[in-house]
J.: 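Sharing a structure below in structure tokens format, with a few things to ask.
Positions are given from 1, in the same order as the sequence printed here.
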Amino acid sequence: MEQRHLGRTGLRVSRIGLGTLTWGRDTDEHDAADLLKTFWEAGGTLVDTADVYGDGEAEYLLGRLMEGLIPRQDLVISTKAGSVPDPDRRFDGSRGHLLSALDASLARLGTDHVDVWHIHAFDPYTPLEETLQTLDLAVSSGRVRYAGVSNFCGWQLAKAGTWQLAAPGTRTRLASTQLEYSLLQRGVEREVLPAALDLGIGMLPSSPLGRGVLTGKYRNATPADSRGASEHLAPFVAPYLDDTASRIVDAVQTAADGLAVSPLQVALAWVRDRPGVTAPVIGARNAQQLTAALSVEALTLPDEICRALDDVSAPVHRYPDHDWSTL
């Protein structure tokens, strides 16, 4: 698998990442082992997790697999901290919480460092400089190699990235940002992606297949074994089952038929090769699904197909994103 630099850093990662959102909850140890081995054998290196996935079970399971299945040095481990199970305060970016969460993640993962550590979301109740200074502490202590953020909007990312660049050699520049990005969700193109490109921050798209909808599996009905049929994941899929999404899925299917490939490959290749993207992070239920996704390595979409998909999925961007004279 081709390797790409993560943002404007020296770290190279596989251009497809493996997500672990369901590990320890819907994905048991046997299936997780199959997924990780399949990913590794295909040349994949970037494995993304978080301290809240499966209430910590995803990190614990990944740690067990690194101990007995895949060498730690062959993987680039990305995890996140900052989400908390508190209905009154969903995110905690304080120094105390983040450093405690990092130590707990390292213990579950069974490693002395993570390669990329993301702040899971912006915390409006903690000064941003406190949160960012925590990244600096984590890197200077050796427990973290590279730092990033997740789910930051445009101004939040621009402020954080600029703050970190303001004192080179003292502050750790942001390597990456992780947000949802697909043909069904192009909101990051409004402000987040331009900020990331300007600051040299690599984009790691989550849900690059539109929460599974872009595979075409929901075109006629909801498969019984799909996330859309799952009690706790159905609300996650539902927003992308409307008429607008249906038109985009039909266009992806048409492109796939013309190229003699699958809709999954078309949708994944499109987001993988967007400007500023380092590696989409995919979540698969089993090794068969993952193998199908990894087969996109050999596919590059023709320019005319990309333009057609761009047109059919284009979000509405008006003032001030476009000059007023063009409206």
J.: Do M1 and L290 belong together in a cluster built from hydrophobic side chains that touch within less than 4.5 Å?
T.: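 M1 clusters together with L290.
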
J.: Are the side chains of P71 and W40 in touch, meaning some heavy atoms are under 4.5 Å apart?
T.: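 When only atoms from C-beta onward are counted, W40 and P71 do touch, with a gap below 4.5 Å.
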
J.: Take atom CD in Q73; do more than 12 heavy atoms of anything else shown fall under 6.0 Å from it?
T.: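 Enclosed: over 12 neighbouring heavy atoms sit under 6.0 Å from CD of Q73.
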
J.: Could you list the residues that satisfy salt bridge (Lys or Arg N to Asp or Glu O under 4.0 Å) with D242, not counting sequence neighbours?
T.: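 Listed in chain order: nothing, the list is empty.
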
J.: With sequence neighbours left out, what residues match D112 under side-chain contact (heavy atoms from CB on, under 4.5 Å)?
T.: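 side-chain contact (heavy atoms from CB on, under 4.5 Å) list for D112, sorted by chain: empty.
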
J.: Give a yes or no answer on whether the side chain of S262 reaches the backbone of Q265 with a donor-acceptor pair at less than 3.5 Å.
T.: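 Yes: the side chain of S262 pairs with the backbone of Q265.
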
J.: Compare every heavy atom of L75 with every heavy atom of V47, then report the nearest pair and how far apart it is.
T.: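 Taking every non-hydrogen atom into account, CG2-CD2, 4.2 Å.
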
J.: First locate atom OG1 of T291, then atom CG of L294, and finally report the distance between them rounded to the nearest 0.5 Å.
T.: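 The OG1 atom of T291 sits 6.5 Å away from the CG atom of L294.
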
J.: Decide if atom CZ of R90 counts as having more than 12 heavy atoms of other residues, nucleotides or ligands within a radius under 6.0 Å.
T.: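 Result for CZ/R90: open.
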
J.: According to side-chain contact (heavy atoms from CB on, under 4.5 Å), who are the partners of E2, at least two apart in sequence or on a separate chain?
T.: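 Once residues adjacent in sequence are excluded, the partners of E2 under the side-chain contact (heavy atoms from CB on, under 4.5 Å) criterion are R4, R15, E297.
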
J.: Nearest 0.5 Å, please: how far is CZ in R173 from CD1 in I201?
T.: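 So the gap between those two atoms works out to 7.5 Å.
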
J.: In this structure, would L268 and V261 fall into the same cluster of hydrophobic residues linked by side-chain contacts under 4.5 Å?
T.: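 Same hydrophobic cluster.
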
J.: Verify, without hydrogens or angle tests, whether T126 (side chain) and D123 (backbone) share a donor-acceptor contact under 3.5 angstrom.
T.: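 No: the side chain of T126 does not pair with the backbone of D123.
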
J.: Between L11 and V116, does a side-chain contact (heavy atoms from CB on, under 4.5 Å) hold up when you go through it step by step?
T.: CA-CA 10 Å; L11 178 63; V116 189; 3.8 Å; yes

J.: Please give me the minimum heavy-atom distance between A292 and L264, naming the atom from each residue.
T.: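 Between these two residues, the closest heavy atoms are O-CD2, 3.8 Å.
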
J.: Hey, what do you get for CD (E57) to CG (L62), rounding to the nearest 0.5 Å?
T.: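 E57 atom CD to L62 atom CG measures 12.5 Å (nearest 0.5 Å).
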
J.: Could you walk me through whether L309 and L301 pass the side-chain contact (heavy atoms from CB on, under 4.5 Å) check?
T.: CA-CA 10 Å; L309 293 173; L301 297 179; 4.2 Å; yes

J.: With no hydrogens and no angle check, just 3.5 Å: does a side-chain donor-acceptor pair link E130 and S94?
T.: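 Short answer, no.
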
J.: Are V266 and V277 joined in one hydrophobic group, where the rule is that I, L, V, M, F, W and Y side chains link up if heavy atoms are under 4.5 Å apart?
T.: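 As far as the 4.5 Å side-chain criterion goes, V277 and V266 are connected within one cluster.
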
J.: Where do S78 and L46 come nearest, in terms of heavy atoms and distance?
T.: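 Looking at all heavy atoms of both residues, the shortest contact is CB-CD1, 4.1 Å.
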
J.: For L69 and R64, what are the C-alpha separation, side-chain angles and deciding distance, and is it a side-chain contact (heavy atoms from CB on, under 4.5 Å)?
T.: CA-CA 8 Å; L69 183 66; R64 283 173 55 89; over 6 Å; no

J.: Hey, is D48 close enough to K80 for a salt bridge, meaning N to O under 4.0 Å?
T.: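 Salt bridge: yes.
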
J.: Please list all pairs meeting ring-ring contact (aromatic ring centres under 6.0 Å, His included) that have one or both residues in residues 44-88, counting only residues at least two apart or in different chains.
T.: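 Found none.
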
J.: If two hydrophobic side chains count as joined below 4.5 Å and joins carry through other members, does L135 share a cluster with L128?
T.: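 Yes, same cluster.
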
J.: Can you tell me how far CG of L99 sits from CG of D103, rounded to the nearest 0.5 angstrom?
T.: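 So the gap between those two atoms works out to 7.0 Å.
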
J.: Taking only residues two or more places apart in sequence or in another chain, which ones pass side-chain contact (heavy atoms from CB on, under 4.5 Å) with V312?
T.: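 Listed in chain order: A251.
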
J.: Determine whether L157 and V149 make a side-chain contact, defined as any pair of heavy atoms from C-beta on separated by less than 4.5 Å.
T.: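 Yes. Closest side-chain heavy atoms under 4.5 Å.
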
J.: For the CG atom of L109 and the CG atom of L61, what is their distance to the nearest 0.5 Å?
T.: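 It is 10.5 Å, given to the nearest 0.5 Å.
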
J.: Between S176 and H118, is there a side-chain donor-acceptor contact under 3.5 Å, judged purely by atom types and distance?
T.: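 The answer is yes; a qualifying pair exists.
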
J.: Can you list every salt bridge (charged side-chain N to carboxylate O under 4.0 Å, His left out) pair that touches residues 184-204, not counting sequence neighbours?
T.: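 Counting only pairs at least two positions apart or across chains, the salt bridge (charged side-chain N to carboxylate O under 4.0 Å, His left out) contacts touching residues 184-204 are R186-E189, E189-R274, R190-D321.
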
J.: Judged by modelled atom types alone, do H120 and S83 share a side-chain donor-acceptor pair under 3.5 Å?
T.: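 The answer is yes; a qualifying pair exists.
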
J.: By ring-ring contact (aromatic ring centres under 6.0 Å, His included), which residues pair with Y181, not counting sequence neighbours?
T.: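 Once residues adjacent in sequence are excluded, the partners of Y181 under the ring-ring contact (aromatic ring centres under 6.0 Å, His included) criterion are W270.
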
J.: Is any side-chain heavy atom of Q133 less than 4.5 Å from a side-chain heavy atom of L137?
T.: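 In short, these two side chains do not touch, never coming nearer than 4.5 Å.
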
J.: Search all heavy atoms of T131 against all heavy atoms of G93 and return the closest pair with its distance.
T.: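 Closest approach of T131 to G93: OG1-O, 2.7 Å.
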
J.: Going by the ring-ring contact (aromatic ring centres under 6.0 Å, His included) test, which pairs reach into residues 187-210, not counting sequence neighbours?
T.: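 Residue pairs with at least one partner in residues 187-210: there are none.
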
J.: Can you tell which of T278, L193, V271, L6 makes a side chain to side chain contact (heavy atoms under 4.5 Å, CB included) with M203?
T.: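 Going through T278, L193, V271, L6 one by one, the side chain to side chain contact (heavy atoms under 4.5 Å, CB included) with M203 is satisfied by L193 alone.
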
J.: Applying salt bridge (charged side-chain N to carboxylate O under 4.0 Å, His left out), which residue pairs with at least one partner in residues 283-294 are found, sequence neighbours left out?
T.: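 Matches after skipping sequence neighbours: D225-R285.
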
J.: Any side-chain heavy atom of I282 within less than 4.5 Å of one from P208?
T.: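 Heavy-atom side-chain distance check passes, below 4.5 Å.
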
J.: Please list, chain by chain and in numerical order, all residues satisfying side-chain contact (heavy atoms from CB on, under 4.5 Å) with S182, sequence neighbours excluded.
T.: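 Listed in chain order: L184, Q185, L214.
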
J.: Classify the side-chain pair E59/T49 by whether it contains a donor and acceptor separated by less than 3.5 Å.
T.: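 No, because no side-chain N or O of E59 sits under 3.5 Å from a partner of the opposite role on T49.
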
J.: Can you tell if the side chain of D74 reaches within under 4.5 Å of the side chain of T45, non-hydrogen atoms only?
T.: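 No, every pair of side-chain atoms sits at 4.5 Å or beyond.
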
J.: Would you indicate whether the side-chain heavy atoms of R145 and V114 approach each other to under 4.5 Å?
T.: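 A side-chain contact is absent here, since even the closest heavy-atom pair is not under 4.5 Å.
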
J.: How many angstroms lie between atom NE2 of H113 and atom CZ of R72, to the nearest 0.5 angstrom?
T.: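 The CZ atom of R72 is 4.0 Å from NE2 of H113, to the nearest 0.5 Å.
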
J.: Output all residues satisfying ring-ring contact (aromatic ring centres under 6.0 Å, His included) with F152, sequence neighbours left out; order by chain, then residue number.
T.: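 By the ring-ring contact (aromatic ring centres under 6.0 Å, His included) rule, F152 matches F122.
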
J.: Any idea which heavy atoms bring T38 and A287 closest together, and the distance?
T.: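 That would be OG1-CB, 3.6 Å.
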
J.: Would you find more than 12 non-hydrogen atoms of other residues, nucleotides or ligands less than 6.0 Å from E41 atom CD?
T.: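 Yes, the 6.0 Å shell around CD holds more than 12 heavy atoms from other groups.
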
J.: Any side-chain to backbone donor/acceptor pair from S14 onto G44? Under 3.5 Å, distance only.
T.: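 Looks like no, no N/O pair under 3.5 Å.
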
J.: What are the two closest heavy atoms between W117 and L98, and how far apart are they?
T.: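 Closest approach of W117 to L98, heavy atoms only: CZ2-O, 3.4 Å.
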
J.: What I'd like to find out is whether the side chain of L204 reaches to under 4.5 Å of the side chain of L179, using heavy atoms alone.
T.: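 Not touching, per the 4.5 Å side-chain cut-off.
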
J.: Below 4.0 angstrom, N of the basic side chain to O of the carboxylate: do D34 and K37 qualify?
T.: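 Looking at K37 together with D34, the answer is no, because their closest N to O distance does not fall below 4.0 Å.
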
J.: Find out whether C306 and D273 are in side-chain contact, i.e. whether some heavy atom of one side chain is under 4.5 Å from a heavy atom of the other.
T.: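 Not in contact.
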
J.: Could you see if Y146 belongs to whatever hydrophobic cluster contains V144? Use Ile, Leu, Val, Met, Phe, Trp, Tyr and a side-chain cutoff under 4.5 Å.
T.: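 Y146 and V144: separate clusters.
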
J.: Using atom types as modelled, flag every donor-acceptor pair under 3.5 Å from a side chain in residues 160-171 to any protein atom, sequence neighbours excluded.
T.:
unit_1: T162; atom_1: OG1; unit_2: A158; atom_2: O; d: 2.7
unit_1: Q164; atom_1: NE2; unit_2: D136; atom_2: OD1; d: 2.9
unit_1: Q164; atom_1: NE2; unit_2: T172; atom_2: O; d: 2.7
unit_1: R171; atom_1: NH1; unit_2: W163; atom_2: O; d: 2.8

J.: Is the number of heavy atoms from other residues, nucleotides or ligands under 6.0 Å of R25 CZ greater than 12?
T.: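 Counting neighbours around CZ of R25, more than 12 heavy atoms of other residues, nucleotides or ligands fall under 6.0 Å, so yes.
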
